[in-house]
Amino acid sequence: MNRENTTSVPQSDVGLSPSDVTEFEAEFDARLATDRKVEPRDWMPEKYRKTMIRQIAQHAHSEIIGQQPEGNWISRAPTLKRKAILMAKVQDEAGHGLYLYSAAETLGVSRDELMDMLHTGRQKYSSIFNYPTLSWADMGAVGWLVDGAAITNQVMLTRTSYGPYARAMIRICKEESFHQRQGYEIMLTLCNGTEAQQAMAQDSLDRWWWPSLAMFGPPDAESTHTAQSVAWKIKRETNDELRQKFVDMTVPQAELLGLTIPDPDLMWDEEAGHYRFGQIDWDDFWQVVKGDGPCNRERIAHKVKAWDDGAWVREAALSHAARTAGVTSRVSPEAKLAGGSAA
Ligand code: BYC
């Protein structure tokens, strides 16, 4: 029996007999075992669907809220060229959010529901975007460290088991890679500049280093979802594995810049072939995740205001779409051929 990608295959177990569910479950497991993607019309366990909605939505919200810390510097970028690059980067983040919302919608949730869950705090976005961007060097540090951390996590997501998410990640990773380089290039320019510019770069690294490490999520031993998400091949690597990869990649980059990582416990472990690093402040992380970081309220208030201010655009677009649909249905094929319009 081939139940792959046919419209008759139910996405969830509602209305299915237990033996049907067992059969669909076996097909789902076989699909994962052979590294075939789960597609929107395939049957999937309800918990898998919910986990995917949670993660993709959280990721989409992060891209959208993540525009704010950098948007803060567009009008104050030091040169026209820097301003153009920063604007393009912030627009890229909006694009990432849109691909990801579309991927989440394939799981049966609407864009309006997702927005409502973000605005009312029922869905999260990344902790990292609740810290303020205080200097121009923060545009360098965000690109270098935050996009660097994001891409470390996202390369694995190009191989995630849900097809629409994996495909969205391929393009997103290409753009994130450029973002990371542009951030590093800002840092390099500052580090080759005056003493004041070097100090600005160091201050920025001091403030963004630990939140960037925390961005990978809680330690594996305390991570609620990792074990199940690895079993479902949603996550291909764990929070701790990715965090270690990021540290190993970033420490030599800091050395090249002549900057000091703000961690007295940081040391190269020759035998393990990894850098060992100090304790992350998990109390600070959870405080931010629970809504009590330096900028949580400001970020959500800004987002809700933008949504409310844009209500007239959505209404106009819907009204135009409804009118166009009405016009199309009222024009007969003959009238269309004759170039006629609606009565
Ligand atoms: N912040 O069991 P765990 C970008 C939550 S944006 C807040 O390990 P999971 C960019 C987690 O949700 C790219 N919450 O969870 C944009 C869970 O709570 P719930 C952002 C966090 O899902 C603009 C609980 O802690 N990237 O690139 O297995 C400018 C337990 O965690 C965080 C993504 O979104 C956090 N940092 O693993 C510049 C990547 N970490 O939901 C750049 C996609 C954990 O049970 N997401 N929590 O209430 C993922 O890969 C995974 O969801 C995570 C967490 C690795 C983040």
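Nothing here was measured: the structure is a model prediction, and the numbers come from that model. Just so you know, ligand 1 is whichever comes first in the structure, and atom 1 is the first atom listed for that ligand.
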Can you name the one residue among Arg159, Met156, His59 that meets side-chain contact (heavy atoms from CB on, under 4.5 Å) with Met169?
His59
Result of checking Ile234, Thr106, Leu157 against Tyr162 for side-chain contact (heavy atoms from CB on, under 4.5 Å)
Thr106
Return yes when [X] approaches ligand 1 closer than 4.0 angstrom through a heavy atom, no otherwise.
{"X": "His179", "value": "no"}
{"X": "Glu176", "value": "yes"}
{"X": "Lys89", "value": "yes"}

Name the option, out of Lys235, Gln55, Arg243, His225, that contains the heavy atom nearest to atom 54 (C) of ligand 1.
Lys235
From Asp147, Val230, Thr51, Asn239 - option closest to atom 42 (C) of ligand 1 by heavy atom:
Asp147
Is there at least one protein heavy-atom neighbour under 4.0 Å from atom 39 (C) of ligand 1?
yes
For atom 23 (C) of ligand 1, what's the nearest protein heavy atom and its distance?
Glu93 CD, 3.4 Å
Nearest non-hydrogen protein atom, atom 41 (O) of ligand 1:
Arg54 NH1, 3.1 Å
Between Arg276 and Asp265 (salt bridge meaning N to carboxylate O under 4.0 Å), is one present in this structure?
no
Any cation-pi pair here, Arg49 with Trp43, using under 6.0 Å and within 45°?
no
About how many Å separate CZ of Phe28 and OH of Tyr48, when rounded to the nearest 0.5 Å?
5.0 Å
Could you tell me how the ring of Tyr99 sits relative to the ring of His96: parallel (under 30°), tilted (30 to 60°) or perpendicular (over 60°)?
tilted
Got an N/O contact under 3.5 Å between Ala150 and ligand 1?
no
Below 3.5 angstrom, do we get any N/O pair linking Asn153 and ligand 1?
yes
